[in-house]
Peer 1: 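Sharing a structure below in structure tokens format, with a few things to ask.
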Amino acid sequence: MSLLVHVLACCFGLGSWVAVNGLWVELPLIVNTLPEGWELPSYLTVIIQLANLGPLLVTVMHKLCPGRLRESAVIYSVLSIGILACVLLAFFWDETTVVATAPRSTVFFILTLFLALVDCTSSVTFLPFMMQLPAHYITTYFIGEGLSGFIPGLVALGQGVGMAKCVNGTQSSGNLTEKDMYIVQTQYLQPNFSTEVFFFFLAAMMCISLLAFSALNRFPHSFELSTENLVSDTDTVASVCFGLDNPGVVTDEQHSNPKPHSEESGQARPQLAKPLHSVYQLAFIYFMVVCVNGATNGLLPSVQTYSCMPYGNLAYHLSAALASCANPVACIVALFFPKRSLVLLGVLCLLGSIFGGYNMAMAAMSPCPLLQGSALGETIIVLSWVFFTGTLSYVKVMVGVILRDESHSALVWCGAAAQTGSLLGSAIMFPLVNVCNLFESGDFCNTRCPL
């Protein structure tokens, strides 16, 4: 029974962010088809921020009508909506409508909004349900939540990318007395399986999560009564990374071994006995939270196409897929090597900012960035995106752990600062990309860069 519950908890966690993570890793194939082209990621960042209305609504309902909102009904609803949205995307993701005389991916944006609502709402519904279970099951849930980013990245790597080649084509001059003009066109080869198949895969992942939740919800609750086995300060667990570093899990798992339990308690108590951080230290921590989330959730994702596509579709594909895998890997690293030094976190934040600055600089130089057309340039941009995501993900983990131990209100303000940074990053980049047109797209075959 215990093993079965672990498997179900992990499968349930898969449905938390698999849809949005899947969209990001599939963008290298989508941007070549939809009319927004390289501007598409900037639209997605804004849509995902709008989707935070979902968890806000759930939170307000809990405050205004405590005890009346059934979390199980909400979970059934959001997972069902997610499955339906993924299936509809498989059929209609490339459908366009004319808006203000220009073709727009209206269907894709609407369905993406629903997927983002599902994933954002899961943050305030999935975890409260899992809090009914003992702590070691909650850890398994967080592992599944981490896999919701890791598995789509691996599948995207297996999917491959539509490699580009240059072919000769003709274009009518519109003059019947002249011959047609010969032009060079970019043609993308087919990947190992289509975008439609990938969206059906996402729907299957959501179905697995729904079935796992249904099974968990139907289990007898005889093993859920002891509050001693629950994670301490349950309201403070806000993400996969917080859960992976939960000391309550270790304590619960080691009841059968008194000596290690005593040693762990002896190590944990001094941390709880430390004085609170000073106002200046807290200000520095919150500043890092705003900057890190602004960079990882708004500023850089909006221009990833401009940063990577000039190096080719393969570079963009690897950057998106490997960066998606880097996030859960950073959480695992934080589990085994937790470092709470503010100096170290500041250095890592600076290091991640350097990688992000390089990515932004290459986007600003698009369509002719440094080392374009060379294997070295492609390698550097891919590694830069991976280290940017991994480094700042580690910082987010440890900052959350620090503030969790500080107080409940400190963690609440951490969430507010994270949302503020994400919103600012998206709000800043959207007009720069779509209104001011500061970033220039290119064509694989027709862009001519100076040597």
Peer 1: Can you tell me if Phe114 has over 12 outside heavy atoms packed within less than 6.0 Å of its CZ?
Peer 2: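 Counting other residues, nucleotides and ligands, CZ of Phe114 stays at 12 neighbours or fewer.
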
Peer 1: Show your reasoning for whether side-chain contact (heavy atoms from CB on, under 4.5 Å) applies to Leu370 and Met362.
Peer 2: CA-CA 7 Å; Leu370 297 177; Met362 296 305 101; 3.7 Å; yes

Peer 1: ring-ring contact (aromatic ring centres under 6.0 Å, His included) between Phe91 and Phe199: does it pass, once the steps are laid out?
Peer 2: CA-CA 9 Å; Phe91 290 105; Phe199 284 133; over 10 Å; no

Peer 1: Would you confirm whether the ring centroid of Phe430 sits within less than 6.0 angstrom of the ring centroid of Tyr43?
Peer 2: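 Between Tyr43 and Phe430, the centre distance is under 6.0 Å.
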
Peer 1: To check you understand the geometry: which heavy-atom pair defines the closest contact between Leu23 and Leu89, and what is its length?
Peer 2: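 In terms of heavy atoms, the two residues are closest at CD2-CD1, 4.2 Å.
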
Peer 1: For the pair His6 and Tyr137, name the ring-plane relationship: parallel under 30°, tilted 30 to 60°, perpendicular over 60°.
Peer 2: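 His6 and Tyr137: tilted rings.
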
Peer 1: Under the side-chain contact (heavy atoms from CB on, under 4.5 Å) criterion, do Leu57 and Leu53 qualify, and how do the steps go?
Peer 2: CA-CA 6 Å; Leu57 178 61; Leu53 292 174; over 6 Å; no

Peer 1: Ignoring hydrogens and angles, state whether a donor on the side chain of Trp385 or Ser307 is under 3.5 Å from an acceptor on the partner side chain.
Peer 2: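 A pair is found: one side chain offers a donor N or O, the other an acceptor, under 3.5 Å apart.
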
Peer 1: Between Val107 and Phe92, what is the shortest heavy-atom contact and its length?
Peer 2: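 Scanning both residues, the minimum pair turns out to be CG1-O, 3.6 Å.
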
Peer 1: Looking at side-chain heavy atoms only, is the closest gap between Ile208 and Phe12 below 4.5 Å?
Peer 2: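 Ile208 does not reach Phe12 side chain to side chain.
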
Peer 1: Hey, can you tell me if Phe439 and Tyr306 have their rings parallel, tilted or perpendicular (30° and 60° cut-offs)?
Peer 2: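 Tilted, since the angle between the ring planes falls between 30° and 60°.
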
Peer 1: Mark yes or no for whether Ser374, through its side chain, and Leu371, through its backbone, hold a donor-acceptor pair below 3.5 Å.
Peer 2: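 Between the backbone of Leu371 and the side chain of Ser374 there is a qualifying donor-acceptor contact (under 3.5 Å).
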
Peer 1: Can you classify the ring geometry of Phe201 versus Phe198 as parallel (below 30°), tilted (30 to 60°) or perpendicular (above 60°)?
Peer 2: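 Tilted.
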
Peer 1: Measure the CG-CD1 distance between Leu342 and Ile402 for me, rounded to the nearest 0.5 Å.
Peer 2: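 It is 5.0 Å, given to the nearest 0.5 Å.
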
Peer 1: Measuring from Leu147:CG to Cys325:SG, what's the distance to the nearest 0.5 Å?
Peer 2: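 Between Leu147 CG and Cys325 SG, I get 10.5 Å after rounding to 0.5 Å.
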
Peer 1: Under the criterion ring-ring contact (aromatic ring centres under 6.0 Å, His included), I'd like the reasoning laid out for Tyr311 against Tyr316: C-alpha separation, chi angles, the key distance, then a yes or no.
Peer 2: CA-CA 8 Å; Tyr311 295 98; Tyr316 183 23; over 10 Å; no

Peer 1: Minimum heavy-atom separation for Leu423 and Gln49, please, with both atom names.
Peer 2: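 Looks like N-OE1, 3.7 Å.
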
Peer 1: So, do Phe200 and Cys86 sit near enough that their side-chain heavy atoms are less than 4.5 Å apart?
Peer 2: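 Counting from C-beta outward, Phe200 and Cys86 never come under 4.5 Å.
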
Peer 1: Output the distance between atom SG (Cys414) and atom NZ (Lys396), rounded to the nearest 0.5 Å.
Peer 2: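 Here the interatomic distance stands at 10.5 Å.
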
Peer 1: Given the rule in the side-chain hydrogen bond (donor to acceptor under 3.5 Å, both in side chains) test, do Ser426 and Asn297 qualify, once you have shown the distances and angles that lead to the verdict?
Peer 2: CA-CA 7 Å; Ser426 302; Asn297 299 336; over 6 Å; no

Peer 1: Going through the checks in order, is the side-chain hydrogen bond (donor to acceptor under 3.5 Å, both in side chains) test met by Ser105 and Glu36?
Peer 2: CA-CA 7 Å; Ser105 308; Glu36 288 75 16; 2.6 Å; yes

Peer 1: Between Ser384 and Asn359, does any side-chain donor sit less than 3.5 Å from a side-chain acceptor?
Peer 2: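 There is such a pair (donor and acceptor under 3.5 Å, judged by atom type) between the side chains of Ser384 and Asn359.
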
Peer 1: For a 4.5 angstrom cut-off between non-hydrogen side-chain atoms, does Leu300 reach Thr296?
Peer 2: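 No. Closest side-chain heavy atoms not under 4.5 Å.
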
Peer 1: For residues Ser16 and Ser122, is any side-chain donor paired with an opposing acceptor at under 3.5 Å?
Peer 2: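 No, Ser122 and Ser16 have no side-chain donor paired with an acceptor closer than 3.5 Å.
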
Peer 1: Which heavy-atom pair separates Gly298 from Met429 by the least distance, and what is that distance?
Peer 2: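 Looks like O-CG, 3.9 Å.
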
Peer 1: What distance separates Asp94 CG from Ile30 CD1, expressed to the nearest 0.5 Å?
Peer 2: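 Spacing of CG (Asp94) from CD1 (Ile30) equals 9.5 Å.
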
Peer 1: Do Gln304 and Ser319 touch side chain to side chain, with heavy atoms closer than 4.5 Å?
Peer 2: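 A side-chain contact under 4.5 Å exists here.
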
Peer 1: Side chains of Val333 and Val397: does their closest heavy-atom pair fall under 4.5 Å?
Peer 2: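 A side-chain contact is absent here, since even the closest heavy-atom pair is not under 4.5 Å.
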
Peer 1: If you apply the rule ring-ring contact (aromatic ring centres under 6.0 Å, His included), what do you find for Phe126 with Phe142, and how did you get there?
Peer 2: CA-CA 11 Å; Phe126 286 20; Phe142 282 125; over 10 Å; no

Peer 1: Which residue is it: Ile75, Leu79, Val18? I am looking for the one with a side chain to side chain contact (heavy atoms under 4.5 Å, CB included) to Ser209.
Peer 2: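 Answer to the side chain to side chain contact (heavy atoms under 4.5 Å, CB included) test with Ser209 among Ile75, Leu79, Val18: Leu79.
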
Peer 1: So, taking the atom named CG in Leu56 and the one named CE in Met61, what distance separates them when rounded to the nearest 0.5 Å?
Peer 2: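 Nearest 0.5 Å value for the CG-CE distance: 12.0 Å.
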
Peer 1: Take Glu196 and Trp93, measure what side-chain hydrogen bond (donor to acceptor under 3.5 Å, both in side chains) needs, and give me the verdict at the end.
Peer 2: CA-CA 8 Å; Glu196 289 81 3; Trp93 69 272; 3.0 Å; yes

Peer 1: So does Ser42 get a backbone contact from the side chain of Thr45, meaning a donor-acceptor N/O pair under 3.5 Å?
Peer 2: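 Yes.
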
Peer 1: Strictly distance-based, threshold 3.5 Å: is any side-chain N or O of Asn293 a donor or acceptor partner for the main-chain N or O of Ser422?
Peer 2: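 Checked: no pair found.
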
Peer 1: Would you say Leu403 and Trp413 make side-chain contact, with heavy atoms under 4.5 Å?
Peer 2: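 A side-chain contact under 4.5 Å is absent here.
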
Peer 1: With heavy-atom distances below 4.5 Å as the criterion, would you say the side chains of Ile354 and Tyr358 are in contact?
Peer 2: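 No. Closest side-chain heavy atoms not under 4.5 Å.
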
Peer 1: In this structure, are over 12 heavy atoms from other groups packed under 6.0 Å from Phe193 atom CZ?
Peer 2: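 Yes - once you tally the heavy atoms of other residues, nucleotides and ligands closer than 6.0 Å, there are more than 12.
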
Peer 1: Identify the heavy atoms of Ser302 and Val433 that sit nearest to each other, and give their distance.
Peer 2: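 Closest approach of Ser302 to Val433, heavy atoms only: O-CG2, 4.4 Å.
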
Peer 1: Any luck finding a side-chain donor-acceptor pair between Thr97 and Thr106 under 3.5 Å?
Peer 2: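 Checked: Thr97/Thr106 side chains pair up, N/O donor to acceptor below 3.5 Å.
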
Peer 1: I need the minimum non-hydrogen distance between His317 and Gly160, along with the two atoms involved.
Peer 2: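 Minimum heavy-atom contact is CE1-O, 3.4 Å.
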
Peer 1: Does Asn32 reach the main-chain N or O of Pro28 with its side chain, forming a donor-acceptor pair under 3.5 Å?
Peer 2: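 Such a contact is found between Asn32 side chain and Pro28 backbone.
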
Peer 1: Report the C-alpha separation of Trp38 and Glu440 in whole Å, then their side-chain angles, then the decisive distance to 0.1 Å, and conclude whether the side-chain contact (heavy atoms from CB on, under 4.5 Å) test is met.
Peer 2: CA-CA 9 Å; Trp38 292 16; Glu440 183 180 350; over 6 Å; no

Peer 1: Determine, step by step, whether Lys339 and Leu345 satisfy the side-chain contact (heavy atoms from CB on, under 4.5 Å) criterion, reporting the C-alpha distance in whole Å, the side-chain angles of both residues, the deciding distance to 0.1 Å, and the verdict.
Peer 2: CA-CA 8 Å; Lys339 302 296 180 183; Leu345 294 180; 5.7 Å; no

Peer 1: Quick one: are Leu44 and Leu27 in side-chain contact, heavy atoms under 4.5 Å?
Peer 2: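 Contact flag for Leu44/Leu27 side chains = yes.
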
Peer 1: Quick one: does Gln372's side chain have a donor or acceptor within less than 3.5 Å of a partner on Pro310's backbone?
Peer 2: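 Here the side-chain-to-backbone pair exists.
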
Peer 1: Between CD of Glu26 and OG1 of Thr195, what distance do you get to the nearest 0.5 Å?
Peer 2: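 One gets 4.0 Å once the value is rounded to the nearest 0.5 Å.
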
